[in-house]
Amino acid sequence: MYLKLKKISLDLIVPVYNESQSIQPFVKAINNIFKNYNNIVINLIFINDGSIDKTLLTLLNLKKKFKNITIINFSRNFGKEAALTAGLHMSNSQVAVIMDVDLQDPPELIVEMIQIWNKGFDVVLAKRVDRSSDTFTKRITSKLFYKIHNLLADIQIPENVGDFRLIDKKVVKAINTLNEYNRFMKGILSWVGFKTFIIEYKRNKRFIGATKFNYLKLLKLGLDGVFSFSLTPLRISLFFGFFIASISFIYLSIIVLKKIMYGISAPGYASIISCILFFSGIQMISIGILGEYLGRNYTESKRRPLYIIDNIL
Ligand code: UDP
Ligand code: MG
């Protein structure tokens, strides 16, 4: 494919955590594709997210061979969201592409993304049409997550769109103005807006190594997504409170009327116990929701940096 383009510069932002085996094939794949495009100057920005294997060594060895590699070395593991943030802070090219190192995101797609960007789009998203490479449970839970998130949150995140995307420099700048601590990148990337195009692709299986996200981590990420972009859970508990209070008032009126008309009747143990249990449950949930927001406020108010860089190589 020939690209009729002026010379453009592109930053490839790649977070890596214990990926010593995946990095070399990744760099090879990228170089194989981009050696055909002299007009694209590509910078590889690897964020070493506190890896404890030979990731850094592998990166340093590659850097000797390829001058276009920058390594941001974190002082410990801060998570993928923080790593992406650091990469975007570092980026200074005309376009940035965010991608995983495990080649689940096919690098060939970047060329297509650049062509679309060249037509005047600021964001080019890659949507997975086929998730057969994921397990059944992961497919179901992720579907459920998108449904719940988009129902509750103030922003819509497109279904089956991961972090893999191309963004223009002005979008990078916009994202970098958001300095919140609870960082759900998919939400932040959607929140800034801009002219967006979605391309579809088939997501490959991870060819080497294992996923770094277990279900607990995914659940935490999912909760971050909802609570960082919506006050709806608070409102739900408020409306639910009103609703139950109204029903209770009607029920109360019936009981009072019954008492006036027929006097006291003793039975009621079962209904009292179920009411107590039910309402305690509701109250605990409401307090929990309140606590989620309060906790988030607490971490935000500390204004801790999102990541600590050991060194940049
Ligand atoms: N990753 C990271 N920090 C972490 C976890 C993951 O930088 O704490 C990186 C990882 O090395 C990979 C990308 O994020 O390049 C996606 O991770 P993974 O492939 O495990 O996620 P999945 O594809 O299973 O969602
Ligand atoms: Mg992966």
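Bear in mind that the values here come from a model prediction, so they are computed numbers and not experimental data. Ligands are counted one by one from 1 in listed order, and the atoms in each one are counted from 1 as well. Sequence positions, counted from 1, serve as the residue numbers for this chain.
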Does Glu81 use its side chain to pair, donor to acceptor, with the backbone of Met185 at less than 3.5 Å?
-> yes
So, the side chain of Ser22 versus the backbone of Asp102: is there a donor-acceptor pair under 3.5 Å, distance only?
-> no
Give the protein residues with at least one non-hydrogen atom closer than 4.0 Å to an atom of ligand 1, ordered by chain and number.
-> Pro15, Val16, Tyr17, Glu19, Asp49, Asn77, Gly79, Lys80, Asp100, Val101, Asp102, Gln104, Lys138, Arg203, Arg206, Thr211, Lys212, Phe213, Lys217
Are Lys80 and Asp100 close enough for a salt bridge, meaning some N to O gap below 4.0 Å?
-> yes
If you draw a sphere of radius 2.8 Å around the Mg ion (ligand 2), how many protein N/O/S atoms end up strictly inside it?
-> 2
Under 3.5 Å, side chain of Ser230 to main-chain N/O of Phe227, donor-acceptor pair present?
-> no
Between Phe121 and Phe197, is the gap from one ring center to the other below 6.0 Å?
-> yes
Look only at the side chain of Lys217 and the backbone of Lys212, and say whether a donor-acceptor pair between them is shorter than 3.5 Å.
-> yes
Give a yes or no on whether the backbone of Phe78 and the side-chain of Asp49 come within a donor-acceptor separation of less than 3.5 Å.
-> yes
Exam field: side chain Glu300 to backbone Asn182, donor-acceptor pair closer than 3.5 Å | yes
How are the rings of His149 and Phe184 set to each other: parallel, tilted or perpendicular (split at 30° and 60°)?
-> tilted
